[in-house]
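Written out below as structure tokens is the structure these notes cover.
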Amino acid sequence: QVQLVESGGGLVQAGGSLRLSCVASERTFSYYAMGWFRQAPGKEREFVAAISWSGGSTYYADSVKGRFTISRDNAKNTVYLRMNTLNPEDTAVYYCAADQVSSGSRDAYEYDYWGQGTQVTVSP
């Protein structure tokens with residue numbers, strides 16, 4: 001059972017930046033593809049970014065491409081999401097997730113383990 005703990009959320013003004021972190025409990029973290037998803041009030045959970053187990057492949061939603069960067073440090077069992085040029089539409093709870101099988105998926109159902117989420121609020 002992999003436990004994931006996100007941190008780094010908060011309140012930021014439009015145009016600002018945040019870096020989210022997600023620490024995994026398992027030493028086998030390096031075998032998992034990792035993803036970030038978000039859910040805004042009244043909306044469905046949506047894909048944000050994903051990264052393969054090696055970090056060699058990354059995937060982004062069109063809405064964040066060029067602004068967000070996903071990365072990982074397998075020695076620290078940690079995946080990051082650097083978010084630049086934030087806008088109010090990025091306001092959501094952000095979740096990290098671990099996938100045992102794929103190399104990084106846009107589909108939430110592919111992921112086996114989820115964190116509890118961290119709130120990101122972007123003010124106008």
Side-chain angles (χ1 to χ4, degrees):
Q1 186 78 10
V2 178
Q3 293 184 333
L4 303 172
V5 180
E6 302 98 334
S7 62
L11 174 64
V12 64
Q13 288 187 329
S17 298
L18 284 174
R19 188 180 79 160
L20 306 183
S21 300
C22 172
V23 180
S25 61
E26 283 282 319
R27 294 181 181 178
T28 55
F29 169 80
S30 61
Y31 297 152
Y32 294 86
M34 299 295 296
W36 285 96
F37 291 76
R38 66 186 182 186
Q39 187 166 19
K43 295 187 177 181
E44 293 186 353
R45 190 170 299 189
E46 65 172 356
F47 170 76
V48 175
I51 188 167
S52 62
W53 65 270
S54 68
S57 296
T58 56
Y59 312 89
Y60 296 95
D62 288 343
S63 59
V64 307
K65 198 173 295 183
R67 300 189 297 124
F68 291 11
T69 303
I70 188 170
S71 61
R72 66 190 297 161
D73 185 340
N74 287 342
K76 296 182 178 180
N77 287 4
T78 303
V79 63
Y80 304 97
L81 185 68
R82 177 68 180 181
M83 306 185 294
N84 295 328
T85 320
L86 286 160
N87 59 63
E89 290 70 38
D90 295 316
T91 295
V93 178
Y94 283 71
Y95 299 90
C96 73
D99 177 2
Q100 292 179 296
V101 178
S102 81
S103 60
S105 173
R106 297 172 181 268
D107 294 318
Y109 72 84
E110 295 271 9
Y111 290 82
D112 304 288
Y113 305 103
W114 291 81
Q116 83 291 347
T118 185
Q119 176 71 47
V120 171
T121 303
V122 184
S123 62

Taking all atoms of both residues into account, what is the closest heavy-atom pair of [X] and [Y], and its distance?
X: Gly9; Y: Leu20; answer: N-CD2, 3.6 Å
X: Gln100; Y: Asp112; answer: N-OD2, 2.8 Å
X: Asp99; Y: Ser105; answer: OD2-CB, 4.2 Å
X: Ser17; Y: Arg82; answer: CB-NH2, 3.7 Å

Looking at [atom1] of [X] and [atom2] of [Y], how far apart are the two atoms once the value is rounded to the nearest 0.5 Å?
X: Gln39; Y: Gln119; atom1: CD; atom2: CD; value: 11.0 Å
X: Gln1; Y: Gln3; atom1: CD; atom2: CD; value: 7.0 Å
X: Cys22; Y: Phe29; atom1: SG; atom2: CZ; value: 7.0 Å
X: Ile70; Y: Met34; atom1: CD1; atom2: CE; value: 8.0 Å
X: Cys96; Y: Arg72; atom1: SG; atom2: CZ; value: 10.5 Å
X: Asp73; Y: Tyr80; atom1: CG; atom2: OH; value: 5.0 Å

ILVMFWY cluster, [X] and [Y] together (side-chain gap under 4.5 Å):
X: Val23; Y: Trp36; answer: no
X: Phe47; Y: Trp53; answer: no
X: Val79; Y: Tyr113; answer: yes

So among Leu18, Asn84, Thr85, Leu86, which one has a side chain to side chain contact (heavy atoms under 4.5 Å, CB included) with Phe68?
->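 The residue from Leu18, Asn84, Thr85, Leu86 that satisfies side chain to side chain contact (heavy atoms under 4.5 Å, CB included) with Phe68 turns out to be Leu86.
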Tyr95 and Trp114 aromatic ring geometry - parallel, tilted or perpendicular at 30°/60° bounds =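 Plane angle over 60°, so perpendicular.
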So, does [X] use its side chain to make a donor-acceptor pair with the main chain of [Y] at under 3.5 Å?
X: Asp107; Y: Tyr109; answer: no
X: Asn77; Y: Glu26; answer: yes
X: Gln116; Y: Val5; answer: no
X: Gln13; Y: Ser123; answer: no

Residue pair [X] / [Y], side-chain heavy-atom distance below 4.5 Å:
X: Tyr59; Y: Arg106; answer: yes
X: Asp90; Y: Met83; answer: no
X: Ile51; Y: Tyr32; answer: no

Are Phe37 and Tyr111 an aromatic pair by the rule of ring centers under 6.0 Å?
-> yes
Is the NZ or CZ atom of Arg67 positioned over Tyr60's six-membered ring, under 6.0 angstrom from the centre and within 45° of the axis?
-> no
